[in-house]
Amino acid sequence: TEVELCTDVIHTLCEHSKALVGAMYVLGRDDVLRRVGGYAFDARDETSDSFSLGEGIVGQVAMDDELLVIEDVPEDHLKIRSGLANSTPLWIAIVPTRVEGRVNGVIELGLSKAVSASQRDFLEQASRTIGFALTAANARAQREELLERTQNEAEELQAQQEELRQANEELEDRSRALERSRNVLEEQQAELEAVNTELEERTELQQREARQLEKAHKELEQKATELE
């Protein structure tokens, strides 16, 4: 991770340059430098752990993109933490890290003696390597973030597809139930029509029989009249 990389880098730089204390800042997408790694750093003091470009010495070095060496360091700047006491280094070297001409971080080292020419050369060379390493770590983190987001989106899509499948099954079940109900209604309608037809036929037959009966009754009445 970026934190592990910065911690390893600042430890290696401090050991190689004989620095007593060190801090490493990474430039974020919001153009704010945030302290990510430290060596013998007293994080309990009131020094800021983030700087905007141009803010403070760290932010100014990032903006100027030039190595800066400071002597007569203020007592409240970059304190060294030990088991016995807290102290301030005599010299500070602040170097920007860059890749393709763009600053992406700042390294701050506190030393007990002046920075030699060989130490300057080492820091200048190391800053470019560290700049590439930071960019690679950032790209890797972005890929992992993108992969995680893609996986989450795929899981959400799968869940939505499952919900849609269940909804389709419910709709199909309802459709089949409606079809069955429609078939039952059609059968009942057919039975009702058959019953109505039968009733109509019976009614017509009864009416015909009634007419015939009435006709016969009239004929009997006529014959009875004639016999009188």
Side-chain angles (χ1 to χ4, degrees), residues 1-43 45-74 76-80 89 91-111 114-153:
T1 64
E2 188 178 74
V3 174
E4 293 172 343
L5 172 64
C6 292
T7 301
D8 291 342
V9 165
I10 197 66
H11 277 229
T12 300
L13 287 178
C14 287
E15 291 173 1
H16 189 278
S17 61
K18 308 301 181 184
L20 303 176
V21 62
M24 186 164 180
Y25 301 83
V26 175
L27 184 64
R29 299 176 185 175
D30 54 357
D31 287 337
V32 174
L33 290 152
R34 293 180 175 83
R35 187 172 66 236
V36 179
Y39 177 85
F41 189 85
D42 188 0
D45 61 27
E46 298 179 355
T47 57
S48 176
D49 60 356
S50 65
F51 299 91
S52 300
L53 291 177
E55 179 185 4
I57 297 175
V58 173
Q60 191 62 48
V61 167
M63 178 171 285
D64 295 341
D65 191 14
E66 292 182 359
L67 185 149
L68 177 66
V69 176
I70 302 175
E71 59 179 316
D72 297 329
V73 180
D76 61 347
H77 188 86
L78 201 65
K79 289 184 178 180
I80 305 167
W91 295 75
I92 287 181
I94 308 173
V95 56
T97 64
R98 67 185 70 83
V99 61
E100 297 180 353
R102 184 180 185 278
V103 173
N104 60 1
V106 171
I107 298 169
E108 190 174 19
L109 301 175
L111 303 99
V115 180
S116 65
S118 61
Q119 285 178 319
R120 283 174 176 265
D121 292 339
F122 167 73
L123 291 176
E124 287 285 4
Q125 294 175 5
S127 67
R128 290 188 289 271
T129 302
I130 296 168
F132 279 109
L134 281 177
T135 299
N138 186 48
R140 184 167 55 253
Q142 289 180 1
R143 286 196 301 270
E144 292 175 354
E145 180 182 353
L146 178 60
L147 177 61
E148 182 179 359
R149 185 165 64 247
T150 302
Q151 290 175 341
N152 291 337
E153 290 175 353

Salt bridge (charged side-chain N to carboxylate O under 4.0 Å, His left out): pairs with one or both residues in residues 116-133, sequence neighbours excluded: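 Sorted pair list comes back empty.
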
Are [X] and [Y] close enough that some pair of their side-chain heavy atoms sits under 4.5 Å apart?
| X | Y | result |
| --- | --- | --- |
| Ile130 | Met24 | yes |
| Val95 | Leu109 | no |
| Val9 | Leu134 | no |
| Thr97 | Thr129 | no |

Write down the atom of [X], the atom of [Y], and the distance for their closest heavy-atom approach.
| X | Y | answer |
| --- | --- | --- |
| Gly110 | Ile92 | CA-CG1, 4.3 Å |
| Leu20 | Ala40 | O-CB, 3.4 Å |
| Gly105 | Val103 | O-CG1, 3.6 Å |
| Val32 | Ser50 | CG1-CB, 4.0 Å |
| Ala62 | Val106 | CB-CG2, 3.7 Å |
| Pro96 | Val61 | CD-CG1, 3.7 Å |

Sequence neighbours left out, what passes side chain to side chain contact (heavy atoms under 4.5 Å, CB included) with [X]? Give chain and number order.
| X | value |
| --- | --- |
| Glu66 | none |
| Thr7 | Val3, His11 |
| Leu147 | Gln151 |

Report the residues that fulfil side chain to side chain donor-acceptor pair (under 3.5 Å) with [X], sequence neighbours left out, ordered by chain and then residue number.
| X | result |
| --- | --- |
| Asp30 | Arg34 |
| Ser118 | Ser116 |
| Asp64 | Gln60 |

Intermediate values then yes/no, side-chain contact (heavy atoms from CB on, under 4.5 Å), Leu5 and Val36: CA-CA 9 Å; Leu5 172 64; Val36 179; over 6 Å; no

Nearest-0.5 Å distance that lies between atom CD in Glu108 and atom CZ in Phe51: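 Reported to 0.5 Å precision, the distance equals 7.0 Å.
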
Nearest-0.5 Å distance, CZ of residue Arg35 to CD1 of residue Ile10: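 Output value for this atom pair is 11.0 Å.
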
By ring pair (Phe, Tyr, Trp, His ring centres under 6.0 Å) - contacts of Phe122 (at least two apart):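 Phe122: ring pair (Phe, Tyr, Trp, His ring centres under 6.0 Å) contacts with His16.
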
Check against side-chain contact (heavy atoms from CB on, under 4.5 Å), Ile107 and Leu123: CA-CA 9 Å; Ile107 298 169; Leu123 291 176; 5.7 Å; no

Steps toward side-chain contact (heavy atoms from CB on, under 4.5 Å) verdict (Leu33, Glu55): CA-CA 10 Å; Leu33 290 152; Glu55 179 185 4; over 6 Å; no

Those residues that, when tested against Asp65, pass salt bridge (charged side-chain N to carboxylate O under 4.0 Å, His left out) (two or more places apart):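 Applying salt bridge (charged side-chain N to carboxylate O under 4.0 Å, His left out) to Asp65 gives Arg98.
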
Side chain to side chain donor-acceptor pair (under 3.5 Å) contacts touching residues 133-148 (sequence neighbours left out):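 Listed by first then second residue: Asn104-Thr135.
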
